[in-house]
2 protein chains.
Amino acid sequence: MRLVIARCSVDYAGRLTAHLPLAPRLILVKADGSVSIHADDRAYKPLNWMSPPCTLKEGSGDDAGVWTVVNKAGEKLIITMAEILHDSSHELGVDPGLIKDGVEAHLQELLADRIETLGEGYTLIRREYQTAIGPVDILCRDADGATVAVEIKRRGEIDGVEQLTRYLDLLNRDPHLAPVRGVFAAQEIKPQARVLATDRGIDCAVLDYDALRGIEDDKLRLF
Amino acid sequence: MRLVIARCSVDYAGRLTAHLPLAPRLILVKADGSVSIHADDRAYKPLNWMSPPCTLKEGSGDDAGVWTVVNKAGEKLIITMAEILHDSSHELGVDPGLIKDGVEAHLQELLADRIETLGEGYTLIRREYQTAIGPVDILCRDADGATVAVEIKRRGEIDGVEQLTRYLDLLNRDPHLAPVRGVFAAQEIKPQARVLATDRGIDCAVLDYDALRGIEDDKLRLF
DNA sequence: CCCTACATTTCGCTG
DNA sequence: CAGCGAAGTGTAGGG
């Protein structure tokens with residue numbers, strides 16, 4: 001990883017065109033060839049960047065101080081250096097990577113293991129039920145044997161209701177499954193999403209992650 | 001801006017919990033107090049971060065080498081330093097910021113100014129037509145005087161069709177406007193989005209940004 | 001390779 | 001403050 005602090009101006013021509021006037025910034029050149037330009041605020045987003053795979057060429061002669069980064073699609077990032085204030089390189093090696101807990105996939109596992117959380121007598125058909133337009137998070141049956149499609153979100157918003165609606169439209173065309181009800185399950189459901197779901201006859205279920213995990217932990221302790 | 005290269009492990013507890021095993025990484029501490037941790041790949045996304053506003057406390061005594069970053073919501077990022085390999089600070093000042101061109105807003109202006117691009121005899125009613133569920137990008141009339149709602153996207157995907165569908169449902173309840181047709185306009189329309197749009201009787205229009213801009217430039221030259 | 005969906009999405013605007 | 005939509009979204013995973 002190469003760290004450069006420099007007064008520079010930047011031009012990007014690709015999916016849009018953008019320009020950064022001359023100012024001091026951090027230029028980050030990573031081992032995969034990617035380049036990002038950071039101001040002294042915002043942790044997450046660089047001012048400008050080029051994602052890998054891409055190649056960096058440092059100009060020489062007339063082009064001294066002009067760095068050009070290009071990718072396969074022909075997008076171009078041009079950094080014009082006015083003054084280099086710091087320049088250092090460091091060997092970091094490959095990162096072992098982030099270990100996460102509490103994302104949607106985990107919620108899905110927990111709920112599938114305790115599908116009766118949605119109601120007494122519920123039984124799991126399967127997780128990640130494949131359809132032509134994508135996977136349904138959970139397909140199950142209620143106490144009456146009716147098919148239920150469950151869409152799980154960490155935060156339930158309108159997009160999730162739309163997604164579930166598309167699945168329900170499709171599933172209800174299958175005479176082996178129809179009629180299929182929908183359940184929109186999330187740790188938090190936004191009011192607008194609840195209104196839309198209710199309007200479409202979709203039930204909402206608020207999931208308690210800690211409780212689900214607690215039940216799971218109990219289960220693990222018991223067996 | 002402070003640049004630290006260090007062998008470190010990281011724990012995050014907030015919207016999820018996450019852990020980074022001990023490895024060499026870049027830690028970026030910015031003037032706004034934000035902290036991000038980068039591996040030697042991917043230009044855009046840090047491995048872990050804390051967005052401003054937040055506060056960093058460097059431990060001392062027993063906690064030497066333990067940095068704790070907390071924010072208002074109680075999210076916590078704990079960086080445990082095993083070995084500092086580099087540590088430097090740099091004054092950058094406030095960045096003048098990025099100047100963009102070619103985003104959706106611009107496309108909308110261009111198309112509104114040349115609404116007949118969609119078909120002969122089209123006339124603009126207005127841009128950003130407000131409804132209870134959000135603004136319709138463009139509302140216009142076709143040659144027959146029928147109302148047309150236009151949703152503009154840079155890249156036309158399924159979500160955009162869903163959005164336009166919601167607007168059309170609402171607009172068609174207004175007897176002054178109904179019947180309202182829909183046009184899904186984008187620089188690029190994904191096949192699946194086109195299928196969904198067509199299935200719902202929504203027309204698709206592929207916009208040529210350069211041509212629209214060229215026409216606009218001509219117009220500017222003429223008047 | 002395309003498509004789909006998730007993300008600690010972030011970010012900006014509007015009410 | 002919430003709500004909603006855009007983003008050069010990036011990123012991972014399946015067919």
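We name chains A, B, ... by the order of the sequence lines, and we start the count at 1 in each one. Values below: every heavy atom of this structure, side chains too, minus hydrogens, waters and symmetry copies.
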Original post:
Closest nucleotide of DNA chain C for A/K100 versus for A/Y167: which of these residues is on the 5' side?
Top reply: A/Y167

Subject >> Non-hydrogen atoms of B/G160 and B/F184 that approach each other most closely >> reply: C-CE1, 3.5 Å

Original post:
Are any of B/R15's side-chain N or O atoms less than 4.0 Å away from OP1 or OP2 of C/dA7?
Top reply: no

**OP:** Start with the C-alpha distance between B/I5 and A/L92, add both sets of side-chain angles, then the distance that settles side-chain contact (heavy atoms from CB on, under 4.5 Å), and finish with yes or no.
**Re:** CA-CA 9 Å; B/I5 303 273; A/L92 298 189; 3.8 Å; yes

Original post:
Hey, is the side chain of B/W49 poking within less than 4.0 Å of OP1 or OP2 on C/dT10, counting only N and O atoms?
Top reply: yes

Original post:
Counting only side-chain N and O atoms of B/Q192, is one of them less than 4.0 Å from OP1 or OP2 of C/dC2?
Top reply: no

Original post:
Quick one: which of D/dG8, D/dG5, C/dA5 gets closest to the side chain of B/Q163?
Top reply: D/dG5

Subject >> Of the listed nucleotides D/dG10, C/dT8, D/dG5, the one nearest the side chain of B/L16 >> reply: C/dT8

**OP:** Tell me which nucleotide among C/dG15, D/dT11, D/dT9 gets nearest to the side chain of B/Q130.
**Re:** C/dG15

Original post:
To the side chain of A/D137, which of C/dC3, C/dT9, C/dC6 is closest?
Top reply: C/dC6

**OP:** State plainly whether the residues A/D169 and A/R166 are in salt-bridge range, i.e. N to O under 4.0 Å.
**Re:** no

Original post:
Salt bridge or not for A/D101 and A/R213, using N-O below 4.0 Å?
Top reply: yes

**OP:** Describe the nucleic acid contact of B/P191 in one word from base, sugar-phosphate, nothing, applying a heavy-atom distance below 4.0 Å.
**Re:** sugar-phosphate

**OP:** Considering just the side-chain nitrogens and oxygens of B/K190, establish if one lies under 4.0 Å of OP1 or OP2 belonging to C/dC2.
**Re:** no

Original post:
Within the structure shown, what part of the strands sits under 4.0 Å from B/E128 by heavy-atom distance: base, sugar-phosphate, or nothing?
Top reply: nothing

Original post:
Of all the choices, D/dG3, C/dT8, D/dA6, which nucleotide is nearest to the side chain of B/K153 once you look at every atom?
Top reply: D/dA6

Subject >> A/R42, nearest nucleotide to its side chain (from D/dT9, C/dC11, C/dC6) >> reply: C/dC11

Original post:
For B/L77, which contact category applies under a 4.0 Å heavy-atom criterion: base, sugar-phosphate, or nothing?
Top reply: nothing

Original post:
Out of C/dT10, D/dG5, C/dA7, which has the shortest distance to the side chain of A/K45?
Top reply: C/dT10

**OP:** Give B/E151 one of three labels, base, sugar-phosphate or nothing, depending on what nucleic acid heavy atoms sit under 4.0 Å from its own.
**Re:** sugar-phosphate

Subject >> Which nucleotide in C/dC6, D/dA12, D/dG8 has an atom nearest any side-chain atom of B/R154 >> reply: D/dG8

Original post:
Taking the nucleotide of DNA chain C with the closest heavy atom to each, which residue, A/G134 or B/Y44, is nearer the 5' end?
Top reply: A/G134

